[in-house]
Amino acid sequence: MNINEIIAKELKVKLWQVDAAVQLIDEGNTIPFIARYRKPVTGELNDEQLRTLDERLKYLRNLEEKKATVIASIEEQGKMTPELMKKIEDAQTIVVVDDIYRPYRPKRKTRATEARAKGLEPLALIFMEQKSEKSPEEEAKAFLDEEKGVKTIDDALQGAKDIIAERISDNAEFRKAIRNTVMRHGEICSEAKDGEAKTPYENYYNYTESVSRIPGHRILAINRGEKEKVLTVKIEMPDDNIIATLEKAMVTGISNFTRILNEAIEDGYKRLIKPAIEREIRNALTEKAEEGAIAVFGQNLKQLLMQPPIAGKTVLGWDPAFRTGCKLAVVDDTGKVLYTTVIFPTAPQNKVEESKKIVLDMIKKYHVSLISLGNGTASRESEAVIVDIIKECPQKVEYVIVNEAGASVYSASKLATEEFPDFDVGQRSAVSMARRLQDPLAELVKIEPKAIGVGQYQHDMNQKKLEETLSNVVEDCVNNVGVDLNTASASLLEYVSGISKTLAKNVVKYREENGQFSSRKELLGVSKLGPKAFEQCAGFMRIRDGSEPLDATSVHPESYTAAKKLLKKYGYTTKDIVKGKIKLSGEIKDTKSVSEEIGVDEITLKDMISELEKPGRDPRDEMPKPVLKSDVLDFDDLKEGMELKGTVRNVIDFGAFVDIGVHQDGLVHISEMSERYIKHPLDVVSVGDVVNVRVLSVDKERKRIQLTMKNKV
């Protein structure tokens, strides 16, 4: 198997691109580094392509290891043949290798192994050959043996049938054909375990859908219903057709052994093959559904992390609650906490006027212009108070409702305790509410990615796969934006290319002991940060107002000499970078000759020009801004046909949940997203998008809102 050729074909790229990428990965380079600084080597493979390539590389290498193990085991048994070797070498998946290996795998005690121990395998072979003129009973007489436990003819016949059943079950071709048949014609069926009780799974009480068509989100819902012991689930298979196909393959015409063989075939299928195939199909469906859900989760997380920061504002973070009061924290435009307090405007204390006075005084004293309100318990009541405060406030103040997901996880974490040792969890949460508006990426990286909760069924997933995918998303986002080396927390730094958790802490420790970094070169003075780590991370670290202006850009230190040659050629100095004076795009006509002159390739030159003209450009600036509000809309105010502006909070397989400001997200079903057919909601919307919607229906009893993004008919 040529792994690189397979990957090239799957990714629809050239073989040399894959060869180059694999070599770079094997040399210990990170995906963000390869995607950003080794574009010429890989032919500009992007981070998404490189992630897929890396994943397939690991799988196919594991497949090769599996094949080697299987070959060694079969050869040790002395059962290897050229035909068998070819089958193993041609296998494209681990499942196929397992099927081929099944007859040779050392078995635990089974009915067939017991029958073999009793010396009944030759009898089974006689039956399978179907050539003897004798009856099965006559053939069986020769195998009676009191000592071995074959006391009667029925014992001998049953043992032979058990051996035949297992041989059928171990046949790789049969299993492959049956698996394909079930995937095409099988149905997944679920029903209520105990009557018709009201549960979230009522839609699946008497449910049947084709295995080939059932979408991933329904698989995950059914799985959860089964796990919670609400549903029983099974795969209905075309048993009669499968058995008839096996009989056709095994039985040659009518013989004395037709009945014996048919009985063994039915037993082998129903007792051995069917349960195994059902498990395999369920696992395959679940794995595919999980992959889809994890991919959506990753896309949602990316959009959430890449929401634009609201810079230059002093923000009041408001963590709402009833009994324990609303925790408030004033955070200045650098993220520094200026003041914290607790107010009790909600039940049971209802100190509304007192609370309003405290907040108005805080707004005046600290020049607060924005309130960041968490969307948790008592958020609705807090919003009403905030709107009254804004109406009474002489200066302009607006508010934003932010997603609290993961705030409680962060505020109780060791990291939050280290950051704010004198604060309680409520105060820490209020600070987080403010900061996740000021810089969502910097704040949200402090939380375990899956705890942010922008997906469905995240607790039912393969946790290792989910964690790996989401960590990759965070890593790509952090490196895409870049980090300020002099302000970034250890939580943010550990996602930078080439920086481990230990190195991130060492960077912060160095900064605390030696003061701010004045140049990227100083990173080499950080404990355990060697040349390889420096190569991987340097381009993603930014230093503003440092000794080297190029350190404020994404130009890699390895290209500084070329960058300075370029600037000099067109009459600029590095100081002009900071002043924003550089205009090279219009001046450079022949990029090939210029790139050769300064000693870089054309791709690097183009990236360099772009970065020198807009140093430290933040890709988040292109994302939709949060909706700032100054008035409140109540659930009871909603009417059919009402047109509103909302923010996409979550995207799922069958639609998207949109926050329209009533503390109950409305659902835009996939069928209501576009006039044209779309395969997935992500084709139209992403988390954080601001969209225009119209209310289709309001179910006040169940607190459900149906929305549409389509134009009026």
Side-chain angles (χ1 to χ4, degrees), residues 32-33 36 305 308-315 331-338 415-416 418-420 431-432 434-436 438-446 474-475 477-531 533-558 560 563 574-575 577-580 611-612 614-621:
F33 176 78
R36 178 68 182 81
L305 294 173
I310 294 182
K313 288 182 183 286
T314 299
V315 179
V331 179
D332 73 9
D333 58 356
T334 67
K336 182 183 173 186
V337 182
L338 303 177
L415 177 64
E418 289 171 358
E419 198 174 358
F420 302 111
V431 173
S432 184
R435 285 181 171 178
R436 58 174 66 189
Q438 291 176 320
D439 192 340
L441 181 60
E443 191 62 24
L444 291 171
V445 291
K446 298 175 185 176
V474 179
E475 185 182 23
C477 289
V478 168
N479 289 288
N480 195 9
V481 171
V483 302
D484 186 323
L485 185 51
N486 285 319
T487 61
S489 65
S491 307
L492 191 59
L493 288 166
E494 71 183 53
Y495 284 105
V496 173
S497 166
I499 300 292
S500 63
K501 284 190 177 185
T502 303
L503 282 180
K505 287 176 182 173
N506 290 352
V507 170
V508 173
K509 187 180 177 187
Y510 182 94
R511 201 168 63 200
E512 288 168 351
E513 291 173 354
N514 300 282
Q516 294 204 332
F517 286 89
S518 61
S519 76
R520 281 171 169 167
K521 278 183 188 174
E522 272 188 72
L523 279 165
L524 289 165
V526 173
S527 174
K528 297 181 180 175
L529 201 156
F534 178 79
E535 177 194 49
Q536 300 296 305
C537 75
F540 303 105
M541 304 287 204
R542 308 276 188 274
I543 299 174
R544 292 173 179 81
D545 305 320
S547 57
E548 171 56 79
L550 283 167
D551 286 347
T553 74
S554 68
V555 175
H556 197 281
E558 66 188 11
Y560 279 7
T574 53
K575 290 179 181 176
I577 297 170
V578 183
K579 297 171 186 172
E611 189 58 30
L612 292 172
K614 291 183 178 178
R617 182 184 63 83
D618 193 331
R620 294 175 295 175
D621 292 342

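If you read the sequence from its start, that first residue is 1, and numbering goes on from there.
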Flag if over 12 foreign heavy atoms under 6.0 Å of CG, Asn514: yes
So, are Glu419 and Arg435 salt-bridged, with charged N and O less than 4.0 Å apart? yes
Spatial distance of atom NZ (Lys446) from atom OG (Ser432) [nearest 0.5 Å]: 7.0 Å
Between Glu611 and Ser554 (side chain of the first, backbone of the second, donor and acceptor by atom type, cut-off under 3.5 Å), is there such a pair? yes
If you apply the rule side chain to side chain contact (heavy atoms under 4.5 Å, CB included), what do you find for Val481 with Val483, and how did you get there? CA-CA 7 Å; Val481 171; Val483 302; over 6 Å; no
For the student: nearest non-hydrogen atoms of Gly335 and Gln438, plus distance: CA-OE1, 3.9 Å
Which side chain to side chain donor-acceptor pair (under 3.5 Å) pairs, counting each pair once, include a residue from residues 478-493, with sequence neighbours left out? Asp484-Arg544
For Ser527, does its backbone N or O pair with a side-chain atom of Asn506 as donor and acceptor, under 3.5 Å? yes
Say whether, by atom type as modelled, one donor and one acceptor occur between the side chain of Gln536 and the main chain of Pro32 under 3.5 angstrom. no
Contact check, side chains of Leu493 and Leu503, non-hydrogen atoms, under 4.5 Å: no
Rounded to the nearest 0.5 Å, how far apart are CD of Glu548 and CD1 of Ile543? 9.5 Å
Considering only distance and modelled atom types, tabulate donor-acceptor pairs under 3.5 Å from the side chains of residues 519-526, sequence neighbours left out.
| residue | atom | partner | partner atom | Å |
| --- | --- | --- | --- | --- |
| Ser519 | OG | Lys521 | N | 3.4 |
| Arg520 | NE | Ala538 | O | 3.0 |
| Arg520 | NE | Met541 | O | 2.9 |
| Arg520 | NH1 | Val555 | O | 2.7 |
| Arg520 | NH1 | Tyr560 | OH | 2.7 |
| Arg520 | NH2 | Gly539 | O | 3.4 |
| Arg520 | NH2 | Met541 | O | 2.7 |
| Arg520 | NH2 | Thr553 | O | 2.4 |
| Glu522 | OE1 | Tyr510 | OH | 3.4 |
| Glu522 | OE2 | Ser518 | N | 2.7 |
| Glu522 | OE2 | Ser518 | OG | 2.7 |

Begin from the C-alpha positions of Phe517 and Asp551 and carry the test side chain to side chain contact (heavy atoms under 4.5 Å, CB included) through to its verdict. CA-CA 11 Å; Phe517 286 89; Asp551 286 347; over 6 Å; no
Partners meeting ring pair (Phe, Tyr, Trp, His ring centres under 6.0 Å) with Phe534 (sequence neighbours left out): none
Taking every heavy atom of Ser547 against every heavy atom of Pro549, the minimum-distance pair comes out as O-CD, 3.7 Å
Report the C-alpha separation of Val478 and Leu305 in whole Å, then their side-chain angles, then the decisive distance to 0.1 Å, and conclude whether the side chain to side chain contact (heavy atoms under 4.5 Å, CB included) test is met. CA-CA 9 Å; Val478 168; Leu305 294 173; over 6 Å; no
Looking only at heavy atoms, the pair that brings Glu494 and Ala504 closest together is N-CB, 3.7 Å
Could you walk me through whether Arg620 and Asp439 pass the side chain to side chain contact (heavy atoms under 4.5 Å, CB included) test, one step at a time? CA-CA 10 Å; Arg620 294 175 295 175; Asp439 192 340; 2.7 Å; yes
Within-4.5 Å side-chain heavy-atom neighbours: Glu513 and Lys509: yes
Non-hydrogen side-chain atoms of Glu535 and Pro557 separated by less than 4.5 Å: no
